[in-house]
Amino acid sequence: MTDPGTRATAVASAPQSGEREVRRGTRNGMVGLAGAAVNGLLGFVLTVVIVRGLGPAGSGAMFTAIGVVAIMGVLCCAGADTALVWALPRRTPGRHGDAARLLPVALAPTLLFTVAVAGAGVAAAGALAPVLFDPGTTEGPGLLRLAFAGLPFVVAMTVLLAAVRAVRPVAALVAVQYVLVPAARPALVLAALAAGAGVTVAFGGWLAPVALAVLVCAALLVRPLALTSPETLRPVREDWRTLWGFALPRAASATIDASSMWLTVLLTAALAGQAEAGVIGAVGRYALAGLLIMQGLRVAVAPQLSRLLGQGRTAEAAAVYRRITGWIIALSWPGYLLLAVFAPGFLRLFGTEFTAGAAAMVVLAGAMMVNSGTGIVQTLLLMSGSSGRHLIAAATGLLLNVGLAVLLIPPHGALGAALAWTAGIVVENVIATVAARRVVGEPLLTRAVLSAALVAGTATAVLAGAGAAVAGRGVAGLFLTLGVAVLLAGALLLHPGVRRRVRATAPTLLGRGPR
């Protein structure tokens with residue numbers, strides 16, 4: 001017979017364990033969020049450098065080359081990066097563990113495949129350039145050759161970053177992916193443009209930090225995976241079956257997810273011209289900037305979700321999901337509402353020629369509110385091992401996006417591209433949310449999540465509406481609204497009740513709450 005005291009202790013420890021997991025997810029999320037903020041700022045600086053230095057046509061050409069790297073890089077990774085994030089937390093690290101065996105299983109096939117693709121791409125660059133670039137773009141073949149030549153380094157960095165994400169503290173990933181690479185890129189691109197170089201050399205500056213990131217990631221993995229011991233790197237047959245059984249369905253959906261913006265840019269370039277591609281590229285940069293918040297939180301908690309779901313602790317995994325999703329909505333929705341209301345002002349910062357994308361910005365801001373409103377639901381679905389279900393959601397969204405793009409881009413340019421992209425985003429997220437709810441078996445949408453959406457949306461809409469009414473939707477209205485928002489935030493922090501809540505919350509975020 002079970003001792004009553006033991007049973008009571010077990011019952012009491014379950015909610016305590018769940019609260020510890022939520023606190024842990026929140027702490028990691030805050031680190032990821034800080035990294036996302038830095039990454040977002042540096043990404044904005046990079047975009048300004050590109051569009052100001054190259055103009056709509058030149059920036060469209062560079063965005064097209066970046067899009068080729070983004071799409072082909074994810075395709076060549078073949079889902080191995082996400083598979084490592086899913087599988088490594090369920091393995092034992094160190095010299096006597098079985099985690100390191102997965103690294104060559106993930107890395108060797110992807111690099112061999114990438115080298116073959118890169119060789120073919122370099123050889124075919126002359127034939128592909130007229131398809132992707134405007135007639136008369138003399139640097140098109142050179143851009144494509146450089147893009148394909150750098151592809152093996154991009155794939156190696158992506159796979160190694162996934163391993164770092166799974167076995168090292170989240171700060172290590174943030175330092176490389178969100179600080180080192182994004183900080184180096186605008187500096188090198190600006191140096192190239194200041195020296196009078198063209199698009200190809202500037203694109204080389206964008207690629208160069210990848211090689212450094214590969215070396216840093218390899219160094220970060222030596223200790224946790226015991227890479228100096230050859231026996232730890234000898235996989236068995238089951239390792240190949242485990243990793244690639246997850247990775248192959250993920251390969252297609254990862255390509256769709258990561259290339260959504262760049263696919264839109266490439267379709268726009270092919271169907272409406274390089275200038276329209278430059279506009280949708282600038283608009284897309286703004287739209288995706290808000291997702292850096294979600295990305296920062298996602299990368300921080302994905303290994304934790306995989307571990308919890310692998311142990312059958314679905315209630316705790318759902319609790320972590322709900323907490324993180326509430327943070328994503330509270331931090332992302334105000335930004336997207338400001339993007340929608342002050343679209344002309346935001347785009348004016350890139351130059352007057354980009355303000356033609358204001359309507360496209362409004363449409364995409366709404367799509368990204370749906371995307372961020374579902375939170376890390378796609379990560380939850382993937383970390384449950386359901387890469388096949390995720391593929392169904394992503395493929396459905398892609399088909400809708402491409403089908404509508406072919407119809408809408410020729411007559412409407414950047415606006416048509418935004419409408420098609422929006423339809424794909426909304427449908428993909430709805431399907432993924434339904435699938436995750438069925439797989440996890442726990443409620444994902446709660447009163448707390450809805451409250452976060454209501455408060456964030458209402459407060460920002462009122463403030464932005466007032467700012468636009470007073471000073472218009474341009475730069476003046478934007479800065480007036482931001483100034484009032486900063487003043488209101490400062491006033492709130494001066495309130496004793498708000499300060500007490502901040503002091504009460506800080507120990508939880510730092511892990512010093514009740515055990």
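In this text, all values refer to a predicted model and were calculated from it rather than measured experimentally. Scope of the values below: all heavy atoms of this structure, side chains included, with no hydrogens, waters or symmetry mates. One is the number of the first residue; the rest follow in order along the sequence.
- Heavy atoms only, all atoms of each residue included: Ala417 and Thr264 are closest at CB-CG2, 3.6 Å.
- Within the 3.5 Å criterion, the main-chain N or O of Ala414 finds a donor-acceptor partner in the side chain of Glu276.
- By the 4.5 Å heavy-atom criterion applied to side chains, Arg313 and Arg307 are counted as neighbours.
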I would like to know whether Leu309 and Leu380 meet side-chain contact (heavy atoms from CB on, under 4.5 Å); could you show each step before the answer?
CA-CA 9 Å; Leu309 292 169; Leu380 184 67; 4.2 Å; yes
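- In this structure the side chain of Glu316 never reaches within 4.5 angstrom of the side chain of Leu305, judged on heavy atoms.
- With sequence neighbours excluded, the residues forming a side-chain contact (heavy atoms from CB on, under 4.5 Å) with Ala343 are Ala358, Met361, Val362, Arg473, listed by chain and number.
- Put simply, CG on Leu180 and CG on Asn39 are 11.5 Å apart, with the number rounded to the nearest 0.5 Å.
- Considering all non-hydrogen atoms of both residues, Ile50 and Ser59 come closest at CG2-CB, 3.7 Å.
- Across all non-hydrogen atoms, the minimal contact from Trp244 to Ala78 is CZ3-O, 3.6 Å.
- Between Leu445 and Leu450 the shortest side-chain heavy-atom distance falls below 4.5 Å.
- For Ala163 against Leu88, the heavy-atom pair with the smallest separation is CA-CD1, 3.9 Å.
- In this structure, CG on Asp81 lies 9.0 Å from OG1 on Thr110, to the nearest 0.5 angstrom.
- By the side-chain hydrogen bond (donor to acceptor under 3.5 Å, both in side chains) test, Arg389 is found to be paired with no residue, residues two or more places apart in sequence or in another chain being considered.
- Checked by atom type and distance alone, the side chain of Thr82 never pairs as donor or acceptor with a backbone atom of Gly79 at under 3.5 Å.
- Aromatic rings from Phe479 and Phe342 are positioned such that their centres are separated by 6.0 Å or more.
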side-chain contact (heavy atoms from CB on, under 4.5 Å) between Arg438 and Thr433, intermediate numbers included:
CA-CA 9 Å; Arg438 291 177 177 174; Thr433 300; over 6 Å; no
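- Leu349 places none of its side-chain heavy atoms less than 4.5 Å from the side chain of Val48.
- At least one side-chain heavy atom of Cys77 sits under 4.5 Å from a side-chain heavy atom of Val159.
- Closest of all the heavy-atom pairs between Tyr178 and Val38 is O-CG1, 3.9 Å.
- In this structure, Ile329 CD1 and Ile324 CD1 are separated by 12.0 Å, a value rounded to the nearest 0.5 Å.
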Going through the distances and angles, do Thr460 and Trp333 end up as a side chain to side chain donor-acceptor pair (under 3.5 Å)?
CA-CA 8 Å; Thr460 307; Trp333 278 28; over 6 Å; no
Audit row: Tyr286, Phe354, ring pair (Phe, Tyr, Trp, His ring centres under 6.0 Å) steps and yes/no
CA-CA 12 Å; Tyr286 271 125; Phe354 288 93; 10.0 Å; no
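- The main-chain N or O of Pro443 is found under 3.5 Å from a side-chain atom of Arg322 such that the two form a donor-acceptor pair.
- Side-chain contact check for Arg185 versus Leu42: every heavy-atom pair is 4.5 Å or farther apart.
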Applying side-chain contact (heavy atoms from CB on, under 4.5 Å) to Leu381 and Arg437, what does each step give before you reach the verdict?
CA-CA 9 Å; Leu381 186 60; Arg437 175 66 177 87; over 6 Å; no
Under 3.5 Å, which donor-acceptor pairs link side chains of residues 423-431 to any protein atom two or more places apart or in another chain?
residue	atom	partner	partner atom	Å
Glu428	OE2	Gln378	NE2	3.4
Asn429	OD1	Thr374	OG1	2.9
Asn429	ND2	Asn371	OD1	3.4
Asn429	ND2	Ile425	O	2.8

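- Distance check, rounded to the nearest 0.5 Å: CZ of Arg168 to SG of Cys217 gives 10.5 Å.
- Summarising the geometry, atom CD1 belonging to Ile280 is positioned 8.0 Å from atom CD1 belonging to Ile409; distances are rounded to the nearest 0.5 Å.
- One finds no salt bridge joining Asp98 and Arg90 here, because no Lys/Arg side-chain nitrogen approaches an Asp/Glu carboxylate oxygen to under 4.0 Å.
- Within the 4.5 Å cutoff, side-chain heavy atoms of Leu160 are placed close to those of Leu103.
- Remark: the backbone N or O of Ala302 is not paired with any side-chain donor or acceptor of Ser306 at under 3.5 angstrom.
- Below 30°, between 30° and 60°, or above 60°: for Trp86 and Phe246 the angle between ring planes is below 30°, a parallel geometry.
- With hydrogens and angles disregarded, no donor-acceptor distance shorter than 3.5 Å links the side chain of Ser386 to the backbone of Leu382.
- Contact record, Ala485 with Leu463: CB-CD2, 3.7 Å, taken as the closest heavy-atom pair.
- Within the 4.5 Å cutoff, side-chain heavy atoms of Met383 are placed close to those of Val85.
- Residue Leu102 holds its CG atom at 9.0 Å from CG of Leu225, rounded to the nearest 0.5 Å.
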Kindly indicate, with the supporting measurements, whether the criterion side-chain contact (heavy atoms from CB on, under 4.5 Å) is fulfilled by Arg165 and Gln177.
CA-CA 10 Å; Arg165 177 180 171 188; Gln177 185 174 359; 6.0 Å; no
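- Not one N or O on the side chain of Trp421 forms a donor-acceptor pair closer than 3.5 Å with the backbone of Leu364.
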